[in-house]
Colleague: 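Shown below is the structure under consideration.
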Amino acid sequence: MGNFLVLVAMSLPLHAEPKVGDSAEGGTMVPTQQLIRPAGRSIEFSGRPVDLVSSADHKSIFVKDNRGIVVIDAASWAIRQEVKFPTDGGSMHGIALSRDGRRLFATGSRSIVWEGAIAEDGKLKWSRSTVIPGIEEIQKTVMPAAKRRGSYPCGLALSPDEKSAFVCLSVNNTLAVVDLDGGKVLAEIPVGVAPFAVAISPDGSTAYVSNWGGRRAKQADRTALSAGTPTVIDERGIASSGTVGVVDLQQRRQVAEIAVGLHPGGLALSRDGSTLYVANANSDTVSVIDTAGRRVRETIAVRPDPALPFGSASNALALGEDQKTLYVANGGNNAVAVVETGAPDDQPSHVAGFIPAGWYPGAVACDENRVLIVNVKGIGSRDEARMKGGWNSRLFRGSVTQVDRPDAPTLARYTEQVRVDARVPESLAAAERGEPGMPALAVPRRVGEPSAIQHVIYVIKENRTYDQVFGDVKEGNGDPNLCIFPERTTPNHHKLAREFVLL
């Protein structure tokens, strides 16, 4: 028999130091050993923020999270109000504000678009809801009745006259047209798979929809079900199509579909409507679309280093007021890429640098002087206000960061900090190819070098942290105060760890 390694997965960092949590260098260390030190000013709260919008006068910032809306006073950088959704929670994308700042719209996690009224004093109160049901035929075939999901509305945008809202229905694979005066659904327009975000042309004639799951599957495609929909996948089972749908709003039909990177998410349309930017989360790129020609004019790689492997997760973006600077949220790097956009068919776009953000930025907005960043994980599950006797994964602590638009020297300094905090040098070193003729080691120094281990048995202990089980092991870097399953109750786990590896 060959050599075996038994791994018991309990989320322990590979080195004795540093510990997850507050760092001696300042900021917060997360389980990936990335250091979170956002630039500018950050405000934290209990929740998972996913989207935001700023009022036209830039005095109020409305942040959507899993619970509801957090209203931030921009001048004092303090939370003015937290308003929960009346039922369910928030979906992973979708918030809009009327131009006069009096009506707010946000999508819920099941089948509801919420409308809120904003008073003179800036206070938000829910005023109406519009229900957009899911497709029952699909739900019945793939889910028991108790677990049926709704339409799961995501991104939404208002028509130029603000009489209609256009809502991406992820489960229905449609773009809904909602009459805002009557509070009812007028139509659903079939698009691609799992529509995520929508942008409306300045004249209101066209909608652009990012189809997270790509195009509709054809008979010969390899597929897997996603909420009941056959979705195009590769041989590994990973979604292999990403598209942007072009919807004629007069005809109420998708008239074109443009292939972009994988998992297209956030959209940003230039002020004149000529250029559409698409964040491709599973390709670490931004697609630049010429809307007149309905073609991808350019693809911008936005990783901190071109040699890095996949994982920047570029999921959201926003155009600066000058329409020449693009800010791209790189969730996997805990940073926002600053892109100087090129001229059509002339000068290519390029990444000028990176701004340090919180943990997993997932939305970005900007005005003339600031960049606003929503950090989905913030500082992690470390909400002390709700902590009782120990940590758990549901103690969400999200954040929003406000950063002054950096000049060139500041951006250079920020960029170097991102490289260090996101462990870019370590990632590049880990990806170095092995040298021939090296001896077999238990853990090879480089990818491709031989290992003395022939078989790995991976034992997964779900929903338990390292400290909860192995915090009492003195050789580890644990906290015995958090150990609730010590050796007397988990003798087998402790024996495996003692005989094989503590991990």
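We number each residue from 1, following the sequence as shown.
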Colleague: Within a reach of under 6.0 Å around CG of Asp248, are more than 12 heavy atoms found that belong to other residues, nucleotides or ligands?
Modeller: yes
Colleague: State plainly whether the residues Glu340 and Lys324 are in salt-bridge range, i.e. N to O under 4.0 Å.
Modeller: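 Judged by the 4.0 Å cut-off on N to carboxylate O distance, Glu340 and Lys324 do not form a salt bridge.
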Colleague: Taking side-chain contact (heavy atoms from CB on, under 4.5 Å) as the criterion, tell me which of Leu411, Asn369, Val371 meets it with Arg405.
Modeller: Val371
Colleague: Is it true that the side chains of Thr299 and Thr285 contain a donor and an acceptor less than 3.5 Å apart?
Modeller: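 Side chains of Thr299 and Thr285: no pair found under 3.5 Å.
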Colleague: Go through the side-chain N and O atoms of Gln34 and Arg423 and say whether any donor and acceptor fall under 3.5 Å apart.
Modeller: no
Colleague: Is it true that Ser349 and Glu298 share a donor-acceptor pair across their side chains at a distance under 3.5 Å?
Modeller: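 Yes, a side-chain donor-acceptor pair sits under 3.5 Å.
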Colleague: Could you go step by step and tell me if Thr401 and Ser42 meet the side chain to side chain donor-acceptor pair (under 3.5 Å) rule?
Modeller: CA-CA 4 Å; Thr401 298; Ser42 292; 2.7 Å; yes
Colleague: May I ask you to check whether Ser54 and Lys59 show a side-chain donor-acceptor distance below 3.5 Å?
Modeller: no
Colleague: Are any of the side-chain heavy atoms of Ile238 and Asn282 separated by less than 4.5 Å?
Modeller: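 The answer is yes; the side chains approach within 4.5 Å.
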Colleague: Under the side-chain hydrogen bond (donor to acceptor under 3.5 Å, both in side chains) rule, collect the residues that match up with Asp272, sequence neighbours excluded.
Modeller: Ser270, Ser274
Colleague: Distance alone, cut at 3.5 Å: any donor-acceptor contact between the side chains of Ser314 and Asn330?
Modeller: yes
Colleague: Could I get the full list of ring pair (Phe, Tyr, Trp, His ring centres under 6.0 Å) partners for Phe196, not counting sequence neighbours?
Modeller: His93, Trp212
Colleague: Hey, are Ser151 and Asn172 close enough side-chain-wise for a donor-acceptor pair under 3.5 Å?
Modeller: no
Colleague: Side chains of Ser60 and Asp73: is there a donor and an acceptor less than 3.5 Å apart?
Modeller: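 Side-chain D/A pair, Ser60 to Asp73: absent.
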Colleague: Can you confirm whether the side chains of Lys377 and Ser399 place a donor and an acceptor under 3.5 Å from each other?
Modeller: no
Colleague: Any salt bridge linking Asp290 with Arg297? Criterion: basic side-chain nitrogen under 4.0 Å from a carboxylate oxygen.
Modeller: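 Between Arg297 and Asp290 there is no salt bridge, as every charged N stays at least 4.0 Å from the carboxylate O atoms.
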Colleague: Distance alone, cut at 3.5 Å: any donor-acceptor contact between the side chains of Thr223 and Asp221?
Modeller: no
Colleague: Distance-only, no hydrogens or angles: does the Ser210 side chain make a donor-acceptor pair with backbone N or O of Ala197 under 3.5 Å?
Modeller: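 Confirmed, Ser210 side chain pairs with Ala197 backbone.
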Colleague: For Arg99, check side-chain contact (heavy atoms from CB on, under 4.5 Å) against everything at least two apart and list the hits.
Modeller: Glu162
Colleague: Considering only NZ, NE, NH1 and NH2 on the basic side and carboxylate oxygens on the acidic side, decide whether Glu44 and Arg397 come within less than 4.0 Å.
Modeller: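 Yes, this pair counts.
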Colleague: Is the shortest distance from a Lys or Arg side-chain nitrogen in Arg252 or Glu188 to a carboxylate oxygen in the other one below 4.0 Å?
Modeller: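 Here Arg252 does not pair with Glu188 in a salt bridge, since their nearest N and O are not under 4.0 Å apart.
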Colleague: State, without any angle test, whether Asp88 and Ser109 hold a side-chain donor-acceptor pair at a distance under 3.5 Å.
Modeller: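 No, no side-chain donor-acceptor contact under 3.5 Å.
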